[in-house]
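Contents: one structure, followed by commentary.
All residue numbers refer to positions in the sequence shown, counting from 1. Computed from heavy atoms alone, side chains included, the values below leave out hydrogens, waters and symmetry copies.
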Amino acid sequence: MTTTQPKVNLSGLARCLIQSKLLSEPEAEKAFQQALKTRTPFVTHLVENKILESRKIAETASIEFGIPFFDLDALDTEAAPVDLVEEKLLRTHRALPLVKRGNRLFLAVADPTNHQVLDEIKFNTGLASEAVVVEEDKLNRHIEQALEAQDTSMSDLMDADLDNLDISAAEDEAPNESDLDVDEAPVVRFVNKILLDAINSGSSDIHLEPYEKTFRVRFRQDGMLHEVASPPINIAARLTARVKVMSRMNIAERRVPQDGRIRMVLSKNRSIDFRVNTCPTLYGEKIVLRILDPTSAQIGIEALGFEKKQQEDFMDAIHKPYGMVLVTGPTGSGKTVSLYTALNLLNTPEINISTVEDPVEIQVPGINQVNQNASTGLTFAEALRAFLRQDPDIVMVGEIRDLETAEIAVKAAQTGHLVLSTLHTNDAPQTLTRLANMGIPPFNIASSVLLIMAQRLARRLCEHCKVPDDIPKGALLEEGFTKEELPKLKIYKAGPECDHCTKGYKGRVGLFQVMPVSEAMGRMIMEGGNAIQLADLAKEEGIQDLRRSGLNKVSLGVTSLEEVNRVTRE
């Protein structure tokens, strides 16, 4: 007795091809079974094995089922609304969105009888799916082209649910923010993911930037901006409105800058604050979110990047019972982190510490922190006056901007209080002349300032991919290295980007000029010495400038000469 192969129940496109006499029933059964074994769609199997031409299959299906036939080579791939459907569904079911009309989505498919494709995409998008017959080989090629044309950074950021953004708003109409659904789930998830990705990547700022035809999302990592996403310009207003709602701003006001704040609770023990600012531009509102991570101020004094003598001088100054310690440098040079590292060392139950900032960036238990608010009259100067009536031991002023604040800070330093503050100057000696130019008498400067620290932040070379840098000896001498250093000098540069870094760098290290105000400096200040004379005296006293501090980090292989030139170039 012989056994026979069970008969396959053919239906759909296979039955159509038999009835059209393009395939015999045995040929169709064999092809169907082989397609099942290889888990390949029936039409794909026919075309790949050259059993039938893809165009013949498509034309037959179109005629038999009364479904439109379309030549995909006439399609502008970049215009296809691919982002409406998950990439996984497109690849699995071999379907390509052609156009969206109202709540209907037209899909290019090679097998219009595969109703599972239409049902799943309908469920995924919430749109009524309608089939258009196309050739199998062209379909596969155009799916790949469409997915490649999609912004890869956007797809990296978005999870499956975020692909369902509605981008059907008319390009020539200015969206009415009051009509926007800022709580729409995909928009909410996209914004939340941007925030989380920024935190996980160690970024310090998020930039949301609208332009005429594009919308750009950038993260500042290790002091450098990197583009991470380019969402469709049609959703820019919704993303902007969502961030403004989260930070309690007026979403109807788009003509003036606004400030706000967002708090993201990650766990019971950790939360991240975002300081948010909007600014009207030609094509919408640019939003910048500064990430305020309290853990950044708890890194420890050793991690800042001080050399041994610099750390000793800094520690000695902040443990004095009174006087003024000033930290100077441009915005983003790490001044706040340095000051809070010092405050954490001094923060004990026996010490009363008060700070006034614009605004408070890092919240620390045990420290009395005040937000400066000029609109209510709570200026740096007024807050300082209040502090001095509250029995302070240590006072921190976010920035000395004017004569009034400088005078009160100097008076506090002279009357038994330790004052920490910042100034925007290029190096330590210039800070002393800046105070004099503000109107502080030279005697008061000499008697109150204990130490001035100028600083910059340079990116650290990635330990996993840095490579030796071959630089001629003459060039190294011109850069500032000495002849004695050259024989043992080994310099590194950023290598090819690896999984551990961003463009060859990972993390940052401080470059410092730590200048205690000596008696000789005090005399020079009272004699009216200028910044150049003070810098020469500091050099005679063995104080390294920022450039020398950077070269030391280069010789240790911590950073590259190129990076030191970037942050200390004069």
On a heavy-atom basis, the closest approach of Val356 and Ala383 is CG2-CB, 3.6 Å

Counting only N and O atoms by type, is there a donor-acceptor contact under 3.5 Å from the side chain of Thr431 to the main-chain atoms of Asp427?
-> yes

Are Arg218 and Glu227 close enough for a salt bridge, meaning some N to O gap below 4.0 Å?
-> no

Which heavy-atom pair separates Val364 from Gln369 by the least distance, and what is that distance?
-> N-OE1, 3.0 Å

Would Arg459 and Asp222 satisfy salt bridge (charged side-chain N to carboxylate O under 4.0 Å, His left out), going step by step from the backbone distance to the final call?
-> CA-CA 6 Å; Arg459 291 178 293 171; Asp222 298 331; over 6 Å; no

Would you check if the side chain of His319 reaches a backbone N or O of Met315 as a donor-acceptor pair within less than 3.5 Å?
-> yes

Take Arg255 and Glu253 through the test salt bridge (charged side-chain N to carboxylate O under 4.0 Å, His left out) and record every step on the way to the result.
-> CA-CA 6 Å; Arg255 298 166 299 175; Glu253 179 57 78; 3.2 Å; yes

Run the salt-bridge test on Arg456 and Glu563 with the 4.0 Å N-O cut-off and return the result as yes or no.
-> no

If you measure only the distance, is there a donor-acceptor pair under 3.5 Å linking the side chains of Glu399 and Ser421?
-> no

Could you note down all residue pairs passing salt bridge (charged side-chain N to carboxylate O under 4.0 Å, His left out) where residues 503-521 supplies at least one of them, sequence neighbours left out?
-> none

If you look at every heavy atom in Pro210 and Phe215, which pair is closest and at what distance?
-> CA-CD1, 3.6 Å

ring-ring contact (aromatic ring centres under 6.0 Å, His included): pairs with one or both residues in residues 464-497, sequence neighbours excluded = His464-His500

Is the closest basic N to carboxylate O distance between Lys483 and Glu485 below 4.0 Å?
-> no

From Arg523 atom CZ to Leu537 atom CG, the distance as rounded to the nearest 0.5 Å = 9.0 Å

Considering non-hydrogen atoms only, spot the tightest contact between Glu541 and Ser518 and give its length.
-> OE2-OG, 2.7 Å

Can you find a heavy atom in the side chain of Leu292 that is under 4.5 Å from one in the side chain of Phe274?
-> no

Do Phe190 and Ile194 come within less than 4.5 Å of each other through their side chains, counting heavy atoms only?
-> yes

From Glu307 CD over to Arg548 CZ, what is the distance, rounded to the nearest 0.5 angstrom?
-> 8.5 Å

May I ask you to test the Asn368-Ile353 pair for a side-chain heavy-atom distance under 4.5 Å?
-> no

Could you tell me whether a side-chain N or O of Ser549 sits under 3.5 Å from a main-chain N or O of Asp545, the two making a donor and an acceptor?
-> no

Nearest non-hydrogen partners of Gly550 and Val564, listed with the distance | O-CG2, 3.5 Å

On a heavy-atom basis, the closest approach of Val276 and Ile287 is CG1-CG2, 3.8 Å

Got a salt bridge between Asp273 and Arg263, using NZ or NE/NH1/NH2 to carboxylate O under 4.0 Å?
-> yes

Does a donor on one side chain sit under 3.5 Å from an acceptor on the other, for Asn426 and Arg434?
-> no

So CG of Leu195 and CG of Asn200: to nearest 0.5 Å the spacing works out to 11.0 Å

Report the residues that fulfil side-chain hydrogen bond (donor to acceptor under 3.5 Å, both in side chains) with Asp402, sequence neighbours left out, ordered by chain and then residue number.
-> Thr405

Listing, residues 324-335 side-chain donor-acceptor contacts under 3.5 Å, not counting sequence neighbours, or none:
unit_1	atom_1	unit_2	atom_2	d
Thr328	OG1	Leu423	O	3.0
Thr328	OG1	Thr425	N	3.0
Thr328	OG1	Thr425	O	2.9
Thr328	OG1	Thr425	OG1	2.5
Ser333	OG	Pro330	O	2.7
Lys335	NZ	Gly329	O	3.1
Lys335	NZ	Pro330	O	3.0

Would you say the side-chain atoms of Thr348 and Glu350 include a donor-acceptor pair closer than 3.5 Å?
-> yes

Spacing of Phe512 atom CZ and Leu457 atom CG [to the nearest 0.5 Å] | 7.0 Å

Check: Gly284 main-chain N/O paired with Thr281 side-chain donor or acceptor under 3.5 Å | yes

Heavy-atom side-chain contact between Ile394 and Asn352 under 4.5 Å | no

Validation row: Met396, Ser354 side chains within 4.5 angstrom (heavy atoms) | no

Heavy-atom side-chain proximity of Arg385 to Ile408 below 4.5 angstrom = yes

Tell me, do Ile543 and Gln513 make a side-chain contact under 4.5 Å, heavy atoms counted?
-> yes

Is there a donor-acceptor pair under 3.5 Å between the side chain of Asn347 and the backbone N or O of Leu343?
-> no

Would you say Ser230 and Arg216 make side-chain contact, with heavy atoms under 4.5 Å?
-> no

Distance-only side-chain donor-acceptor flag, Thr379 / Gln372, under 3.5 Å = no

List the steps, then state whether side chain to side chain contact (heavy atoms under 4.5 Å, CB included) holds for Val419 with Tyr322.
-> CA-CA 7 Å; Val419 178; Tyr322 57 87; over 6 Å; no

Checking side chain to side chain donor-acceptor pair (under 3.5 Å) for the pair Thr568/Arg547: CA distance, chi angles, key distance, verdict?
-> CA-CA 6 Å; Thr568 64; Arg547 178 73 183 174; 3.2 Å; yes

When you check the gap from the basic side-chain N to the acidic O, do Arg401 and Asp358 get nearer than 4.0 Å?
-> yes

Might you work through the side chain to side chain contact (heavy atoms under 4.5 Å, CB included) test for Phe380 and Val397, ending with a clear yes or no?
-> CA-CA 7 Å; Phe380 283 127; Val397 187; 3.9 Å; yes

Step-by-step side chain to side chain contact (heavy atoms under 4.5 Å, CB included) determination, Ile291 to Asp205 | CA-CA 6 Å; Ile291 301 172; Asp205 300 87; over 6 Å; no

Is Glu357 salt-bridged to Arg275, cutoff N-O under 4.0 Å?
-> no

When rounded to the nearest 0.5 angstrom, what distance separates CD in Glu407 from CG in Leu435?
-> 11.5 Å

Test side chain to side chain contact (heavy atoms under 4.5 Å, CB included) applied to His417 and Thr415, step by step = CA-CA 6 Å; His417 308 94; Thr415 55; 3.4 Å; yes

Show which side-chain atoms of residues 437-454 pair as donor or acceptor with protein atoms under 3.5 Å away, not counting sequence neighbours.
unit_1	atom_1	unit_2	atom_2	d
Asn437	ND2	Thr433	O	3.2
Asn444	OD1	Gln414	NE2	3.1
Ser447	OG	Gln414	NE2	2.9
Ser447	OG	Phe443	O	3.0
Ser447	OG	Asn444	O	3.3
Ser448	OG	Asn444	O	2.6

Residue pairs fulfilling salt bridge (charged side-chain N to carboxylate O under 4.0 Å, His left out) with at least one residue in residues 463-473, sequence neighbours excluded = Glu463-Lys466

From Asn552 atom CG to Gln544 atom CD, the distance as rounded to the nearest 0.5 Å = 4.5 Å

